[in-house]
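Heads up: the structure comes next, in structure tokens.
Only heavy atoms go into these numbers, but all of them, side chains included; no hydrogens, no water, no symmetry mates. Each chain gets a letter, A, B and so on, in the order its sequence line appears, and its residues count up from 1.
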Amino acid sequence: MSIQRGLLSAYGLLLQFYPPPFRKRFGTEMLELATAAELSEWPRIFSDTGIAILRCWFEGSPSTAVLTEPNAYVSIGGSSVRSLGLGFVLSTTIIVGLAYIGYRWPPPCSTTRPLLIEVVSPPQATAATAEVRQHSRDRRGE
Amino acid sequence: MIEMKDRPLSPASLHILLALAESNLHGYGILQSVKRQSGGTFKLGPGTLYANLDRLLAGGLVSETERRLPGGETRREYSLTASGEKVLRSEIRRLRQVVDVARTRLGSLDERRA
């Protein structure tokens with residue numbers, strides 16, 4: 001029973017990889033179907049759903065069709081030359097910005113704040129410690 | 001609406017439409033019906049089932065309705081539309097032609113070997 005519950009949780013996690021509109025529409029039903037599955041059917045369910053998710057993203061699905069419509073994209077330039085120029089400027093800005101963040105990160109330590117150094121006193125030598133030391137000295141032949 | 005009328009149906013879509021030609025069904029019912037009608041040789045997984053249902057719904061070949069159960073819960077049922085029935089009939093006609101050609105050619109192949 002706990003294996004079935006674990007598999008269901010894993011399957012629920014796998015369903016999160018579907019595009020949100022598809023998941024919202026069919027996710028609950030798919031989970032219901034999986035609840036009725038026998039243990040031997042799980043490998044097929046996972047492989048089938050995994051492939052279906054990849055196909056859903058790469059081939060698109062009617063539920064996500066609005067994203068793949070040409071009009072869904074916002075044009076950034078009137079002509080292709082202008083679009084290319086704007087695209088170049090935008091890409092350069094992003095790359096330079098990320099490079100700057102990478103260069104500055106982690107931020108340098110503040111020099112105005114003094115570093116706190118905790119001085120830890122060594123443990124007191126006991127009779128047992130002295131005996132161990134003597135024993136190691138004897139072994140070395142000192 | 002996606003144009004699906006001129007294209008051959010995928011095996012999964014064909015089996016789903018055939019299952020819905022018998023009665024209105026929910027997801028689990030479709031899986032069971034497909035398993036039964038194919039003699040257990042064609043088993044649909046939930047991923048394939050709902051990817052195909054999504055396309056069939058968008059193509060107008062299948063429609064969905066919410067049915068309220070006695071316990072107060074709702075269940076989504078799928079049914080074959082008139083357009084879906086038309087596409088299914090046309091697909092069966094196409095497959096029949098393929099079977100006729102196959103029968104003739106394999107028959108002549110048997111005669112040549114005999």
Side-chain angles (χ1 to χ4, degrees), chain A residues 3-72, chain B residues 1-5 7 9-13 15-16 19-20 24-36 38 40-67 69 71 73-79 81 83-84 87:
Chain A
I3 295 173
Q4 183 84 357
R5 205 177 299 156
L7 288 168
L8 268 176
S9 306
Y11 191 64
L13 207 66
L14 182 66
L15 292 181
Q16 299 299 312
F17 289 98
Y18 266 113
F22 190 97
R23 193 176 64 236
K24 273 181 200 156
R25 193 169 187 190
F26 299 113
T28 316
E29 276 184 70
M30 291 180 85
L31 210 56
E32 277 173 16
L33 282 195
T35 312
E38 288 172 21
L39 209 59
S40 60
E41 290 176 316
W42 276 103
R44 194 169 51 84
I45 289 174
F46 272 110
S47 57
D48 175 74
T49 307
I51 292 165
I53 289 170
L54 288 177
R55 290 187 69 173
C56 201
W57 279 107
F58 286 106
E59 293 177 6
S61 82
S63 291
T64 57
V66 68
L67 295 173
T68 55
E69 276 180 10
N71 293 336
Chain B
M1 191 174 279
I2 294 169
E3 198 60 50
M4 295 182 78
K5 295 174 178 68
R7 286 189 231 159
L9 290 170
S10 68
S13 293
H15 274 291
I16 292 168
L20 294 176
N24 297 353
L25 293 165
H26 50 86
Y28 185 72
I30 296 174
L31 287 190
Q32 294 303 311
S33 185
V34 168
K35 202 171 161 183
R36 208 172 44 242
S38 66
T41 54
F42 196 86
K43 288 177 187 169
L44 276 177
T48 308
L49 171 68
Y50 284 101
N52 279 278
L53 271 178
D54 193 24
R55 283 191 208 107
L56 294 170
L57 284 163
L61 309 188
V62 167
S63 65
E64 58 185 335
T65 45
E66 292 275 340
R67 196 162 71 91
L69 297 172
E73 289 177 38
T74 53
R75 180 182 276 176
R76 199 183 292 169
E77 276 193 349
Y78 301 94
S79 55
T81 61
S83 176
V87 169

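Enclosure of atom CZ in B/F42 by more than 12 non-hydrogen atoms of other residues, nucleotides or ligands within 6.0 angstrom is indicated. Within 6.0 Å of atom CD in A/Q16, more than 12 heavy atoms from other residues, nucleotides or ligands are found, so the atom counts as buried in its surroundings. The 12-atom threshold is not exceeded at CD of A/E38, counting heavy atoms of other residues, nucleotides or ligands nearer than 6.0 Å.
Counting all heavy atoms, side chain and backbone alike, B/P46 lies closest to A/L33 at CB-CD1, 4.2 Å.
Atoms CG and CZ, from B/D54 and A/F22 in turn, are 5.0 Å apart once rounded to the nearest 0.5 Å. A/E32 CD to B/H26 NE2: the interatomic distance, rounded to the nearest 0.5 Å, is 9.5 Å. B/R76 contributes atom CZ, which lies 4.5 Å from atom CD of A/E29 (distance to the nearest 0.5 angstrom).
Looking at B/E64 and A/R25, their side chains come closer than 4.5 Å, going by heavy atoms from C-beta outward.
When heavy atoms are compared at a cutoff of 4.5 Å, B/L44 approaches chain A solely by way of its backbone atoms N, CA, C and O. If you measure heavy-atom distances from A/Y11 to chain B, the contacts under 4.5 Å come from the side chain alone.
Of the listed residues B/A51, B/G45, B/G27, the one with more heavy-atom pairs under 4.5 angstrom with chain A than any other is B/G45.
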